[in-house]
Visitor: 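Below: one structure in structure tokens.
No experiment lies behind these values; they were computed from the predicted model shown. Remember, it's 1-based here, ligands and their atoms both numbered in the order they're listed.
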Amino acid sequence: MPRPIQALIHAAALRHNLARATAAAPDSRVFAVVKAEAYGHGIERVFDALRGADGFALLELGDAERLRRLDWRGPILLLEGAFEPRDLELCSRLGLWHVIHREAQIDWLAMHKTHQPHRVFLKMNSGMNRLGFTPSAFRSAWARLNALPQVEEITLMTHFADADQGAPGLEASLKRFREATHDLPGERTLANSAATLAQPGPSALTPPGGEPQVAADWVRAGIMVYGSAPDFPARGIDQWDLQPTMTLRAELIATQSLQPGDSVGYGSRFTAEAPMRIGIVACGYADGYPRHAPTGTPVLVDGVRTRLVGRVSMDMLAVDLTPVPQAQPGSEATLWGRGPRGSVLPIDEVAHAAGTVGYELMCALPPRVPVRVEE
Ligand SMILES: *Cc1c(COP(=O)(O)O)cnc(C)c1O
């Protein structure tokens, strides 16, 4: 019998969440961001549910090849562009769109021999100081690209540092972007999930002389598609009408009865103050559960909310069975996602308790956990 742990990918939830991105940016096209193995879900596993997107955005060239092998003929954007000159050969061959964020990438393009002029996304550093041209260097980069026969179309792009703060977090970056680009032609893409949700509404239909709105021509929806709220704990998935797309579930493989003074797990980090039952769950940090999750982190047992107790070990963790006295070995433990009888434990709550974000937990699903896709 296989070890009783499993991850489920919920296809209908992926479709629902993608539709939420479309609804929040009704006049924009939507890139579904599938970097990091579709945020841990697996590119092949999400592809069918997300093929309604207008394009896919990712980082690795190998992943772009996988999408083409799935017969995806639509847009694919490389969010960090080429890493070395020969990457451009694959861009030409597969018709990939790619980000240009530094001068060397323009040099490589200028030397690249192709019959297929490229669509490039010129990235501005609007305050995050990670990738992109500063506002003052942006126009000369644009002019260089515009003069290249290898370039067919230039889309203007930036990425917000503080979009999870809501609309006020966008203002400074948006102002820098607009000032540096207002008279440049071309489509625009600015918004990740947080910005798309923070400033929903019509966008690409910018009036002549008007300023592009946040959703602009393309939004780049990542985390919202995977059922995590970009601004948790200010808001959760319920408030954004998003659904969990990944469930991590396991079973109890033992129970223990504790007397006052008995402790649990490595380091004896939890000590019972009264008689209590605990359940031992077949899930540990080698299954992607965060080792730093403290006592009190929510867990569902048979769909009933309870708490983690003691330290998470490699293959197991312990839960308080006080609210679920009927629980036995074989009872279902939901570490995040959907539990029995309509119960839900948002991944954001678990991440928050462990001092991290839903992104990190879903991306860390390891190969030893079997995965099943269901409707
Ligand atoms: C990852 C990424 C996104 C998606 O961000 P979410 O917060 O997951 O929506 C958008 N744009 C760029 C450039 C990215 O790297």
Visitor: D63 versus V34: any side-chain heavy-atom pair under 4.5 Å?
Guide: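 The answer is no, as the side chains (C-beta and beyond) never meet within the 4.5 Å cut-off.
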Visitor: If you have a sec, work out which protein heavy atom is nearest atom 1 (C) of ligand 1 and how many Å separate them, to one decimal?
Guide: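 Going by distance alone, atom 1 (C) of ligand 1 is nearest to K35 NZ, 1.5 Å.
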Visitor: Using a 4.0 Å heavy-atom threshold (strictly under), name the region of R220 that reaches ligand 1: side chain, backbone, both or neither.
Guide: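 For R220, backbone and side-chain atoms both sit under 4.0 Å from ligand 1.
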Visitor: Closer than 4.0 Å to some heavy atom of I223 - which atoms of ligand 1 meet that?
Guide: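 Contacts of ligand 1 toward I223, numbered from 1: 6 (P), 7 (O), 8 (O), 9 (O).
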Visitor: Could you check whether atom CE of M128 has more than 12 heavy atoms from other residues, nucleotides or ligands sitting under 6.0 Å from it?
Guide: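 For M128, atom CE is crowded (more than 12 foreign heavy atoms under 6.0 Å).
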Visitor: Would you mind checking which non-hydrogen protein atom is closest to atom 7 (O) of ligand 1, with the distance to 0.1 Å?
Guide: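 Result for atom 7 (O) of ligand 1: Y359 OH, 2.6 Å.
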Visitor: Under a 4.0 angstrom heavy-atom cut-off, which atoms of ligand 1 come close to Y39?
Guide: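 Per the distance check, 1 (C), 4 (C), 5 (O), 6 (P), 8 (O).
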Visitor: One thing to verify: whether E179 and K175 come together as a salt bridge, which I'm taking to mean a side-chain N less than 4.0 angstrom from a carboxylate O.
Guide: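 Yes, K175 and E179 are salt-bridged.
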Visitor: Can an N or O of G222 be found at a distance shorter than 3.5 Å from an N or O of ligand 1?
Guide: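 Yes: some nitrogen or oxygen of G222 is under 3.5 Å from one in ligand 1.
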Visitor: Tell me who clusters with V309, hydrophobic residues only, linked when side chains sit under 4.5 Å apart either directly or through other members.
Guide: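 V309 clusters with I253, L258, V264, F270, M276, I278, I280, M316.
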Visitor: Connecting only ILVMFWY residues whose side-chain heavy atoms lie within less than 4.5 Å of each other, what is the rest of F232's hydrophobic cluster?
Guide: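 Taking Ile, Leu, Val, Met, Phe, Trp and Tyr as members, F232 stands alone, with no cluster partners.
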Visitor: When you look for heavy atoms under 4.0 Å from ligand 1, do you find them on the side chain of M224, its backbone, both, or neither?
Guide: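 The answer is neither; M224 stays 4.0 Å or more away.
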Visitor: Determine whether any heavy atom of F31 lies closer than 4.0 Å to an atom of ligand 1.
Guide: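 In this structure, F31 fails to qualify as a contact of ligand 1 - no heavy atom is under 4.0 Å.
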Visitor: For R269, look at atom CZ and say whether over 12 heavy atoms of other residues, nucleotides or ligands are found less than 6.0 Å away.
Guide: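 Counting neighbours around CZ of R269, 12 or fewer heavy atoms of other residues, nucleotides or ligands fall under 6.0 Å, so no.
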Visitor: Just to confirm my output: which protein heavy-atom neighbour is closest to atom 9 (O) of ligand 1, and how far is it?
Guide: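 Here the nearest protein heavy atom works out to S193 OG, 2.5 Å.
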Visitor: Where is the nearest protein heavy atom to atom 5 (O) of ligand 1: which residue, which atom, and how far?
Guide: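 Protein heavy atom at minimum distance: N192 CB, 3.5 Å.
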Visitor: Going through the checks in order, is the salt bridge (Lys or Arg N to Asp or Glu O under 4.0 Å) test met by K123 and E80?
Guide: CA-CA 9 Å; K123 185 161 186 181; E80 295 180 353; over 6 Å; no
Visitor: Please say which of V214, T158, L156 ends up in a side-chain contact (heavy atoms from CB on, under 4.5 Å) with R188.
Guide: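 Going through V214, T158, L156 one by one, the side-chain contact (heavy atoms from CB on, under 4.5 Å) with R188 is satisfied by L156 alone.
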Visitor: Looking only at distances, can you tell me whether any N or O atom of K123, backbone or side chain, sits closer than 3.5 Å to an N or O atom of ligand 1?
Guide: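 Between K123 and ligand 1 (N or O atoms, distance only) the closest approach is not under 3.5 Å.
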